[in-house]
Colleague: 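One structure is given below, represented as structure tokens, and several questions about it will come after.
Hydrogens, waters and symmetry mates are skipped; everything else that's a heavy atom, side chains included, is used. First listed ligand is number 1; within each ligand, the first listed atom is number 1.
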Amino acid sequence: MSTVQMDKQALADQVEKMRPWHHDIEINEEFSTGEVFSPTKTLIPAKNEGVSLISPRQRFLKRLDSLYPDSLAGKRYLDCACNAGAYCFMARERGAEKVVGFDVRDHWIKQAKFVQQHRTLAPTDRIEFHALDLYDLPSRDFGKFDLTYFSGIFYHLPDPITGLKIAADLTEDIIVVNTAMRRDENNPSGMTMAIESDTQVMSGVHEMSWYPNGPECIHNLLSWMGFAEMKLTLDITKEGYTNQRIELIAAREKGRLKNLAGEYFSKKF
Ligand SMILES: C[S@@+](CC[C@H](N)C(=O)[O-])C[C@H]1O[C@@H](n2cnc3c(N)ncnc32)[C@H](O)[C@@H]1O
């Protein structure tokens, strides 16, 4: 796809029309999607149809650099529930050979394609975006991937075990699972059922969903799916479920994560 040049005001007008945005994405040196709503990038969700705004570029690039210190050249990157595609653009920025991002909502995929058309900060070729439900992924032939990102989707699924396995089965090297959690010390490897809106743009589309009760749940699932080692790279556990979040990074091969910051996680329950 060739890049379309627009001046800053024209870009801002388009971005405003396509709100709400969850991903603040740098389009060029002087403009990013989040600035339209919040020059300080600390957006109040109430001013963005209840959607939070995140600026993940620095953290994510650092993460890619520690997992693939020689760049992502020759690597394939899959993003499940890619939203406006921020992570896909950064994977390409670090040289990924092939990037596939999908999300169940057209709203987000339209944003991703808009950014793809206008981003000049890094190449946007070799990236595909699809409006697709995770459960329909096996019916498409996108091939296998080296790195899979499974962020913010586990707890929006009526059957997260099947959902995670679909992504895991396509992953040959590393999977990152970042999820909200509802800690239950009495049953940390279990899950807690929830019912969610199927129309809110950040939620799932199946109404029923499940939260892991602890990192043990995700660990045991990924271990069963054939990942040899894992690190817990985030564990935010505060009172009130909205602040409980974990991230596990799992590798097919033992020793693969030795240079990644964070503790190995190997609890079994
Ligand atoms: C909390 S956001 C996470 C966005 C992004 N992955 C991130 O970490 O910034 C949840 C996203 O999951 C998408 N989603 C929910 N259920 C899905 C499904 N069954 N298949 C694909 N995407 C889904 C939503 O449309 C939304 O973009």
Colleague: Just checking Y149 against F60, ring centres under 6.0 Å apart?
Modeller: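 Between F60 and Y149, which both carry aromatic rings, the centre distance is below 6.0 Å.
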Colleague: Nearest protein heavy-atom contact for atom 23 (C) of ligand 1: which residue, which atom, what distance?
Modeller: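 Going by distance alone, atom 23 (C) of ligand 1 is nearest to V104 CG1, 3.5 Å.
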Colleague: Do F31 and H118 have ring centroids that are under 6.0 Å from one another?
Modeller: no
Colleague: Output the list of atoms in ligand 1 that are nearer than 4.0 Å to some heavy atom of I54, sorted by atom number.
Modeller: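 By the 4.0 Å cutoff, the relevant atoms are 9 (O).
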Colleague: Which residue and atom name correspond to the protein heavy atom nearest atom 16 (N) of ligand 1, and how close is it?
Modeller: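 Atom 16 (N) of ligand 1 sits closest to the protein heavy atom G204 CA, 3.6 Å.
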Colleague: Pick whichever of I166, D106, D133 has a heavy atom sitting closest to atom 18 (C) of ligand 1.
Modeller: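 The residue whose heavy atom sits nearest atom 18 (C) of ligand 1 is D133.
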Colleague: Report yes if L134 has an N/O atom closer than 3.5 Å to an N/O atom of ligand 1; otherwise report no.
Modeller: yes
Colleague: Output yes when the distance from some N or O of ligand 1 to some N or O of A81 is under 3.5 Å, and no in every other case.
Modeller: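 Yes.
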Colleague: Of the backbone atoms (N, CA, C, O) and the side-chain heavy atoms from C-beta on, which set of L132 has a member under 4.0 Å from an atom of ligand 1: side chain, backbone, both, or neither?
Modeller: backbone
Colleague: So between I109, D103, N83, V205, whose heavy atom ends up nearest atom 25 (O) of ligand 1?
Modeller: D103
Colleague: Hey, is ligand 1 close enough to H23 that some N/O pair sits below 3.5 Å?
Modeller: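 Yes, at least one N or O pair falls under 3.5 Å.
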Colleague: Does F89 have its ring centroid less than 6.0 Å away from the ring centroid of F129?
Modeller: yes
Colleague: If the cut-off is 4.0 Å to any non-hydrogen atom of H22, which atoms of ligand 1 fall inside it?
Modeller: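 That gives atoms 9 (O) of ligand 1.
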Colleague: Checking Y68 side chain against A96 main chain: does a donor-acceptor pair fall under 3.5 Å?
Modeller: no
Colleague: What do you reckon, does N178 put a non-hydrogen atom under 4.0 Å from ligand 1?
Modeller: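 Under 4.0 Å: no for N178.
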Colleague: Give me the nearest non-hydrogen protein atom to atom 2 (S) of ligand 1 as residue plus atom name, then the distance to 0.1 Å.
Modeller: M202 CE, 3.7 Å
Colleague: With a cut-off of 4.0 Å, which atoms of ligand 1 are near a heavy atom of W108?
Modeller: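 Atoms satisfying the 4.0 Å criterion: 25 (O), 26 (C), 27 (O).
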Colleague: May I ask you to decide if E172's main-chain N or O and K144's side chain share a donor-acceptor pair within less than 3.5 Å?
Modeller: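 The answer is no, because no donor-acceptor pair under 3.5 Å joins these two groups.
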Colleague: Would T192 and N213 count as having a side-chain donor-acceptor pair, cut-off 3.5 Å?
Modeller: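 Result is yes, a qualifying pair exists.
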Colleague: Judged by non-hydrogen atoms, does H107 sit under 4.0 Å from ligand 1?
Modeller: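 Contact absent.
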Colleague: State whether R183 and D235 are salt-bridged, where the test is any N-O pair (Lys NZ or Arg NE/NH1/NH2 against Asp/Glu carboxylate O) under 4.0 Å.
Modeller: yes
Colleague: Look at atom 10 (C) of ligand 1 and say which protein heavy atom is nearest, naming residue and atom and giving the distance to 0.1 Å.
Modeller: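 So the nearest neighbour among protein heavy atoms is G152 O, 3.2 Å.
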Colleague: Indicate, as side chain, backbone, both or neither, the part of Y135 found under 4.0 angstrom from ligand 1 when only non-hydrogen atoms are considered.
Modeller: neither
Colleague: Under a 3.5 Å distance rule, please check whether R256 uses its side chain to pair with a backbone N or O of L67 as donor and acceptor.
Modeller: yes
Colleague: Does even one non-hydrogen atom of S203 get within less than 4.0 Å of ligand 1?
Modeller: yes
Colleague: Quick one: are F142 and L132 in side-chain contact, heavy atoms under 4.5 Å?
Modeller: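 Yes, at least one pair of side-chain atoms sits under 4.5 Å.
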Colleague: Just by distance, do the side chain of E229 and the backbone of Y264 share a donor-acceptor pair under 3.5 Å?
Modeller: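 Not at all, since once roles are kept as given, no pair shorter than 3.5 Å links the two residues.
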Colleague: Indicate, as side chain, backbone, both or neither, the part of Y155 found under 4.0 angstrom from ligand 1 when only non-hydrogen atoms are considered.
Modeller: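 The part of Y155 near ligand 1 is the side chain, not the backbone.
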Colleague: Is it true that D24 and R57 have a side-chain N and a carboxylate O under 4.0 angstrom from each other?
Modeller: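 Salt bridge absent between D24 and R57.
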Colleague: Strictly under 4.0 Å, does any heavy atom of Y87 approach an atom of ligand 1?
Modeller: yes
Colleague: Considering only heavy atoms of L157, which atoms of ligand 1 have at least one such atom less than 4.0 Å away?
Modeller: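 Those qualifying, in numeric order: 19 (N).
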Colleague: Between the side chains of T124 and Q116, does any donor sit under 3.5 Å from an acceptor?
Modeller: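 Looking only at side-chain atoms, Q116 and T124 do not form any donor-acceptor pair under 3.5 Å.
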Colleague: May I ask you to check if ligand 1 and D79 share an N or O to N or O distance below 3.5 Å?
Modeller: no
Colleague: Heavy-atom count check: over 12 atoms from other residues, nucleotides or ligands less than 6.0 Å from K8 NZ?
Modeller: yes
Colleague: Return the option from A180, S209, S151 holding the heavy atom at the smallest distance from atom 3 (C) of ligand 1.
Modeller: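 Answer by nearest heavy atom: S151.
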